[in-house]
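Remarks on the structure that follows.
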Amino acid sequence: MRNINNIISRCEELAFDLDFTRAKEWKNEDKSRVIVGYMPIYFPREIIHAAGGLPVAIFGGGDRKQIIKGDAYYQSYICHIPRSIIDMALDKHFDNFDGFIFPSICDVLRNLSGIFRTKGFGKFVKYMDFPQNFLPEVGGVFYQDEMRHVLHYIKEINGIKVTPERLNHSIGLYNKNRRLIEFIYDIREKYPWRLSMKDWYHILRAGTVIPVEEHNEILEEVAEYVKGDVGQRQDKVKVVLSGAFCEQPSVGLIRSVEDAGCYIVDDDLQLGSRMVIGDIDATSEEPLAAIAHAYIFQSRYSSSIYDVDNPKEYRLAKIVEERNADGVIFASASFCDPSLLDAPIFQNAFDRMGIRYIAFQFSENINQFKVIKEQVGAFSDSIKLWEDEPSSIPVAE
Amino acid sequence: MATIEVIKERSMILQKEMIEGLFNDLEKAHETGKKVCYTFVPGNLSELIRCFDMLPVYPEINALQSAMRKKSAAYIKEAERHAHSEDVCTYVKCDVGMLMKGNIGPTGQKLPPPDILLLSYTGCFTFMKWFETLKREYPNAKVVMIHTPYQEGGKMTPEMVNYMVKQMHEEVIPKMEEVSGIKYDENKLKKILQYSKEAEDWITKIFETPKHRPSPIDAYFAGVYYIGPINIGFRGTPEAVEYYKELYNEIQERIRLGLGPVTPEGEMKEEKFRLVVEGPPNWTSFREFWKIFYDMGAVIVASSYTKVGGVYDLGWRHDPEKPLQSLAEYCMNCYTNLNIPQRIDLLTKCIKEYGADGYVTNSIKSCNSFSAGQLAMMREIEDKLEIPVGFIESDLVDPRYFSYSNIKNRLESYFQMLSQRKMMEAEETH
């Protein structure tokens, strides 16, 4: 087993390599390989893998790219991520990418797909309309059609015909990926001091820009590491971080939350990698139907999925309960419609349910966290000092 | 400040009467037993609502009317007191605030709660979130969502149409039958759709009249009144057909007399600039906003906003022979459901065919469906047509984001640029 510090350090490099060096190296190893960039939140990466491609997540430039050209494309009252993505595209960070997928999450990223089309970036641009109808014979069929379009685009480039066997193999690899991720989340719930959220974030995010086989190896090593009695427990409360599923906060902000007295035991930062709960059937003769079925029946709640029959406030409350969390931190990107429009729904419900929370907004490129740190610190202190119930964190076994 | 006497054409009065009639019916819905359906303008299934004898309520129309009556600021503040962010759609906040303050509609009459929330999720992501919010406010209402696929590839595919028709068969129609107690009658729907088609023919002719010089109408500021009946539940009625015929005849008379558009202060005397405008108007200061334009002799000959409830100028019409397919195509064909290249093409066509001198974007702070991408669109249009472009910012119904001086300064500079360009072009011609 490699040294954990080396693994984390390598993951940090990968996660924030805005030139996507590893992905491009991978592509250069075989002429039939393609790179397909996808925007947040979720995309069924299995199908790209099965088509001989590497799905690469595009989360914008964060606090590591100065935006110059992108600001000319977006008004001040639009969130930051589209301007940093367009800036990266114009600065040729996505050279060698064959296609771009824009999952249906909000109007801003939807319209960004049109700008990519207009600019002629990539060999294909696909706005992926995820069904908001959850009947398998209606929304499920439509979703399969959407996936077939993507496969068609890739086949036009590399000629690879995707068979059920190839798809099932890919589904199996991503099932393993999801299982390992959840295993580590489960360990972190009980022993969050064994792996900081900052490090875990780097490890998770690295998995979105490298082949799944490589990420699975990393996760296996990390899983072994967190099984051990490592790290030292600190006097912190446990929180769930919610609302930052698209534009990502800088790592400094994540660290500030931890430093201010919170263990983040669940979050939606890399929601796409965890969207499907449990395995997708990897033995089906109709694997696309299996993926659609999993999306309809096994998805996590998301601010971009219509929730009327399955209210999200109860689903988040359940996560809080299952993770034994003391409260929720709502972190929304400024001007993020999905997250901010959900805020009153969550907050009004949590007021009724007695779930403690705080809320703040961020932008991917801010790195001044004094105010947020004070707010989180006060939240953590209020729980630790004035609550009747003791902190629910168990003593290390 | 002196009071301005507002001059109204007969068609505007007719339209006002239609809307007042609807609000009166809504007020009496409980007594008459009519079921109430809350829905949205883009992708509205007015014909289906009418087929089940329901009364429509359009939350965004309430919001804009509240703004025009200077009530929106208080509603928005009320919503913000309940955790609604400053940074999201002000239509939503105005509607939620109005609900919290007793759901008194813009006409001063109390609006009935919905029996059904019909979400035709077309072209605007916020609609979905809005209905998630309303569902929690009206737990007894039946909710039905019809997901309208986006024209991402610049066309409506058979898969997209099938998906929508299946949703109508499996979800929309059964729930509407359940709520209304009325069985779906396709023949009735076909008859309604015939009126829709006729109204669409007439409104298309009306919005083609600005091709004349001078333009007999303002296709943006007056246009928002013209689209009222077709967008808020009267499409599919003989009344709407009659209204649009009347309006068309009035406009023809103006053309015959060589008259320009009617403004709140009378006829516009001299048409100096012909513009195409992208984006919704500001509603809180609608008159002041319009006045900046007509004071400078600027007339809007075409606008994207008047296509928000349906794009008819490319030839598409409801087809009574394909009722459900036709409703599906209608939803997918609303302006904000078009992709960015389609929007650019449509606006380019307008600029060329209507002989526009300039292209102005009114970028709305809280409407990402329109606003995200407008700068890129503007750049493309400027490069393609070498036409002067202008850019202003305001909001739909939040008065805090309408800065009269800033907008006026920007527009005055823009009009000066247009004047200079016209002079230079005239010199080159001579």
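First the proteins, then the strands, lettered A, B, ... as listed; each starts at 1.
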Determine, stepwise, if the pair B:Met128 / A:Asp307 fulfils side chain to side chain contact (heavy atoms under 4.5 Å, CB included). CA-CA 9 Å; B:Met128 190 176 87; A:Asp307 84 330; over 6 Å; no
With rounding to the nearest 0.5 Å, note down the distance linking [atom1] in [X] to [atom2] in [Y].
{"X": "A:Asn133", "Y": "B:Ile146", "atom1": "CG", "atom2": "CD1", "value": "9.0 Å"}
{"X": "A:Tyr73", "Y": "B:Met378", "atom1": "OH", "atom2": "CE", "value": "11.5 Å"}
{"X": "B:Cys367", "Y": "A:Tyr77", "atom1": "SG", "atom2": "OH", "value": "9.5 Å"}
{"X": "A:Ile115", "Y": "B:Leu375", "atom1": "CD1", "atom2": "CG", "value": "8.5 Å"}

Side chain of B:Asn368, backbone of A:Asp107: donor and acceptor closer than 3.5 Å? no
Is it true that a side-chain atom of B:Lys129 and a backbone atom of A:Ser303 form a donor plus acceptor pair closer than 3.5 Å?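 Yes; judged by distance alone, with no hydrogens or angles, the pair exists.
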Heavy-atom cut-off 4.5 Å, strictly under: side chain, backbone, both or neither for [X] against chain B?
{"X": "A:Leu135", "value": "side chain"}
{"X": "A:Ile105", "value": "backbone"}
{"X": "A:Gln75", "value": "both"}
{"X": "A:Phe134", "value": "neither"}
{"X": "A:Pro131", "value": "both"}

Portion of [X] that has a non-hydrogen atom of chain A nearer than 4.5 angstrom:
{"X": "B:Glu171", "value": "side chain"}
{"X": "B:Leu338", "value": "neither"}
{"X": "B:Lys365", "value": "both"}

Do you know which two heavy atoms are closest between [X] and [Y], and how far apart they sit?
{"X": "B:Pro341", "Y": "A:Arg117", "value": "CG-CB, 4.1 Å"}
{"X": "A:Asn348", "Y": "B:His82", "value": "ND2-O, 4.0 Å"}
{"X": "A:Asn111", "Y": "B:Ser369", "value": "ND2-O, 3.1 Å"}
{"X": "A:Asp337", "Y": "B:Val88", "value": "OD1-CG1, 4.0 Å"}
{"X": "A:Tyr306", "Y": "B:Leu119", "value": "CE1-CD2, 3.8 Å"}
{"X": "B:Ala83", "Y": "A:Gln347", "value": "CB-OE1, 3.6 Å"}

I'd like to know whether [atom1] of [X] has more than 12 heavy-atom contacts from other residues, nucleotides or ligands below 6.0 angstrom.
{"X": "B:Glu177", "atom1": "CD", "result": "yes"}
{"X": "A:Lys155", "atom1": "NZ", "result": "no"}
{"X": "B:Glu386", "atom1": "CD", "result": "no"}
{"X": "A:Lys318", "atom1": "NZ", "result": "no"}
{"X": "A:Phe297", "atom1": "CZ", "result": "yes"}

Ring-face cation contact, B:Phe125 with A:Arg110, 6.0 Å cut, 45° max: no
May I ask you to name which of [options] has the most heavy-atom pairs under 4.5 Å with chain A?
{"options": "B:Ser366, B:Ala79, B:Cys124, B:Gly153", "result": "B:Cys124"}
{"options": "B:Lys93, B:His84, B:Lys135", "result": "B:His84"}
{"options": "B:Met377, B:Gln374, B:Glu86, B:Gln167", "result": "B:Gln167"}
{"options": "B:Cys89, B:Ala376, B:Ser371", "result": "B:Ser371"}

Taking the side chain as C-beta and beyond, is there a heavy-atom pair between [X] and [Y] under 4.5 Å?
{"X": "A:Ile345", "Y": "B:Arg136", "value": "yes"}
{"X": "B:Lys166", "Y": "A:Phe142", "value": "no"}
{"X": "B:Asp87", "Y": "A:Gln361", "value": "yes"}
{"X": "B:Glu152", "Y": "A:Asp129", "value": "no"}
{"X": "A:Ser104", "Y": "B:Tyr150", "value": "no"}

B:Tyr163 vs A:Val138, test: side chain to side chain contact (heavy atoms under 4.5 Å, CB included). Steps then yes/no. CA-CA 6 Å; B:Tyr163 174 46; A:Val138 183; 3.9 Å; yes
Output the option from [options] having the highest count of non-hydrogen pairs under 4.5 Å with chain B.
{"options": "A:Cys106, A:Pro82, A:Ala343", "answer": "A:Cys106"}
{"options": "A:Lys126, A:Lys119, A:Glu146", "answer": "A:Lys126"}
{"options": "A:Ser334, A:Gly139, A:Cys336", "answer": "A:Gly139"}
{"options": "A:Leu112, A:Ile305, A:Leu109", "answer": "A:Ile305"}
{"options": "A:Ala359, A:Ala349, A:Pro344", "answer": "A:Pro344"}

Got a salt bridge between A:Lys312 and B:Glu132, using NZ or NE/NH1/NH2 to carboxylate O under 4.0 Å? yes
